[in-house]
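The structure appears right after this line, and notes come after that.
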Amino acid sequence: MRKNKQKNIPVIPIAILLSLSLIAGCGRCNSGSSSSSEETEVMNTTVLKADPADYLDTSLIAATSTVHGGGFDASYISDMDPTTAWAEGAYDEGAGECLMLEIPEGTVVTGGLILPGYWRSKKAFQEYAAPTRISVSSGEDFQEVSLSKYTGKYKNNFQGYEFKLRKSIVSNGIVRVFITDTRSGKKFPHSCISELHLKGKLPKEIPESTVTMNDLVSSTNAAFDLSHRLESIYKNHMGWPQTVGDITITTEGLTPEDKAFALYQYQYFVTDARIHYASETLNKSTKSELTGIMEELFGPVGEGDMQCFYDNYVKKIKKETCKMPATGDFGAGDWMFFTDVNLDVTDTEVMVRGNIYRYDENGSSYIGGQFTGVFDLPAGDSGNCRFRSLTVSRAVG
């Protein structure tokens, strides 16, 4: 059982366009592709027989999270191919994650078709988690749909589950499909949806799209991911302080120990498909994958940076594969958390602002300080945020 004590962190939703792009990796892992043992199975190669014209023409706006690498893009929910899937990238099995779809305002959504799980093969279906219940919502209206009948047993060439909402949903321009309950996978903690198509009736006159960045409300996963990196850098740099201390830390000032510890915390959460979940106590990745992740986090790294990580956090290296602890306790009593996060996003950077919560012996929380962190957005499709600076100040009063 993982000993992460951060269960009741006070967090709030944030507005951000395509939050998944802020924490996506380069995708060099092949955990979503077939292994040698999987190739011996009968693969589900059937293309859905459903006619796309029977469903609403939706446009994917964003997914609140996507597992890094491995080919699990959210766009796969509408490609009419059961062998591809979206896999959410939360820190658990994905309850609360959602897909945001642009559907013309006034459209009446009555139901749809879904393949819950990863239908590439029997092995993939069993290894990955799957939603057993979803919620379809727009504005204040929502309807829940039970999927448990179709997420327990693999059926080759399954054509999908047609569902009908008990009460129709009227789109306000954005329809959200939430994962509200899940069943576990045998190997990977990420819930998958292989196909999702909605049915309904368009309004007589379709208004022009008015969806803006401020309309998109994501979960806190992107913000928490970035603030968690800042927290690990701060705590390690300050030597696990018992009180909040004023300080500014920059990339140039990071020691190999700072970088190594931040990478250790990053891999602890297993949200990057280049970090493979090996067991309850171990993760594994190749040296090149780990180096790539550290470069995405901090920019160019030296041999000393990676050696520090290997010396302190790798239990065993065999044939370029590193086995790392997948359990841990990041500080006695978990004295403080960086939370209440807001993001300001430009074309070149992400500014992360929030409060530092302190916890007393009775478990009560109070604001001990504020933090502001800056991450660079590299040009191109590298897809990660690169740490630049962190400023921490004590709370006044």
Side-chain angles (χ1 to χ4, degrees), residues 13 15 17-20 48-66 73-82 84-86 88 94-117 119 130-151 158-182 191-219:
L17 178 63
L18 296 176
S19 66
L20 59 93
L48 288 186
K49 296 178 182 177
D51 186 347
D54 293 337
Y55 301 94
L56 294 170
D57 184 12
T58 62
S59 176
L60 176 70
I61 301 173
T64 51
S65 70
T66 299
D73 193 80
S75 63
Y76 291 140
I77 63 168
S78 59
D79 65 357
M80 307 302 286
D81 181 359
T84 61
W86 165 61
E88 52 74 29
E97 298 307 292
C98 88
L99 295 159
M100 289 173 276
L101 307 173
E102 183 177 1
I103 299 179
E105 184 177 352
T107 300
V108 178
V109 181
T110 58
L113 176 143
I114 189 171
L115 273 76
W119 289 86
T132 57
R133 184 177 293 273
I134 61 171
S135 174
V136 182
S137 69
S138 189
E140 299 298 320
D141 297 332
F142 72 94
Q143 288 287 309
E144 289 205 335
V145 180
S146 175
L147 307 173
S148 57
K149 181 179 179 181
Y150 291 91
T151 56
F158 177 51
Q159 291 300 305
Y161 170 39
E162 288 272 4
F163 64 90
K164 185 176 182 180
L165 301 179
R166 290 193 302 272
K167 184 179 179 181
S168 300
I169 298 293
V170 179
S171 172
N172 66 357
I174 301 175
V175 172
R176 294 174 173 82
V177 179
F178 286 88
I179 298 173
T180 56
D181 202 1
T182 65
S191 287
C192 297
I193 295 178
S194 292
E195 288 292 315
L196 174 64
H197 305 270
L198 297 180
K199 274 189 174 183
K201 185 178 181 180
L202 292 170
K204 292 182 179 179
E205 294 185 8
I206 300 177
E208 293 184 6
S209 174
T210 58
V211 177
T212 65
M213 186 174 78
N214 291 331
D215 294 325
L216 309 180
V217 179
S218 80
S219 77

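The analysis underlying the following values was restricted to heavy atoms, covering all of them including side chains, and did not include hydrogens, waters or symmetry mates.
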Locate the shortest heavy-atom distance separating [X] from [Y]; write the atom from each residue and the value.
X    : Y    : result
F142 : S137 : CB-CB, 3.5 Å
L56  : G200 : CG-N, 3.7 Å
T182 : A95  : CG2-N, 4.3 Å
L99  : A74  : CD2-CB, 4.0 Å
P116 : P131 : CB-O, 3.7 Å
H197 : S78  : CE1-CA, 3.5 Å

Checklist entry - Going through the checks in order, is the side-chain contact (heavy atoms from CB on, under 4.5 Å) test met by F163 and L198? => result CA-CA 9 Å; F163 64 90; L198 297 180; 4.1 Å; yes
Out of curiosity, [X] [atom1] to [Y] [atom2], how far, rounded to the nearest 0.5 Å?
X    : Y    : atom1 : atom2 : answer
I134 : E97  : CD1   : CD    : 14.5 Å
L202 : T107 : CG    : OG1   : 4.5 Å
L113 : Y161 : CG    : OH    : 10.5 Å
S171 : R176 : OG    : CZ    : 10.0 Å
N172 : I103 : CG    : CD1   : 10.0 Å
D141 : S168 : CG    : OG    : 10.5 Å

Do [X] and [Y] have side chains that get closer than 4.5 Å, going by heavy atoms?
X    : Y    : answer
I114 : L196 : yes
V136 : V175 : yes
V170 : V109 : no
S135 : V177 : no
T66  : W86  : yes
I77  : E195 : no
I169 : Q143 : yes

Backbone of [Y] reached by a side-chain donor or acceptor of [X] within 3.5 Å:
X    : Y    : value
S191 : G94  : no
E88  : S65  : no
S194 : G117 : yes
T180 : R133 : yes
S138 : I174 : yes
T58  : L101 : no

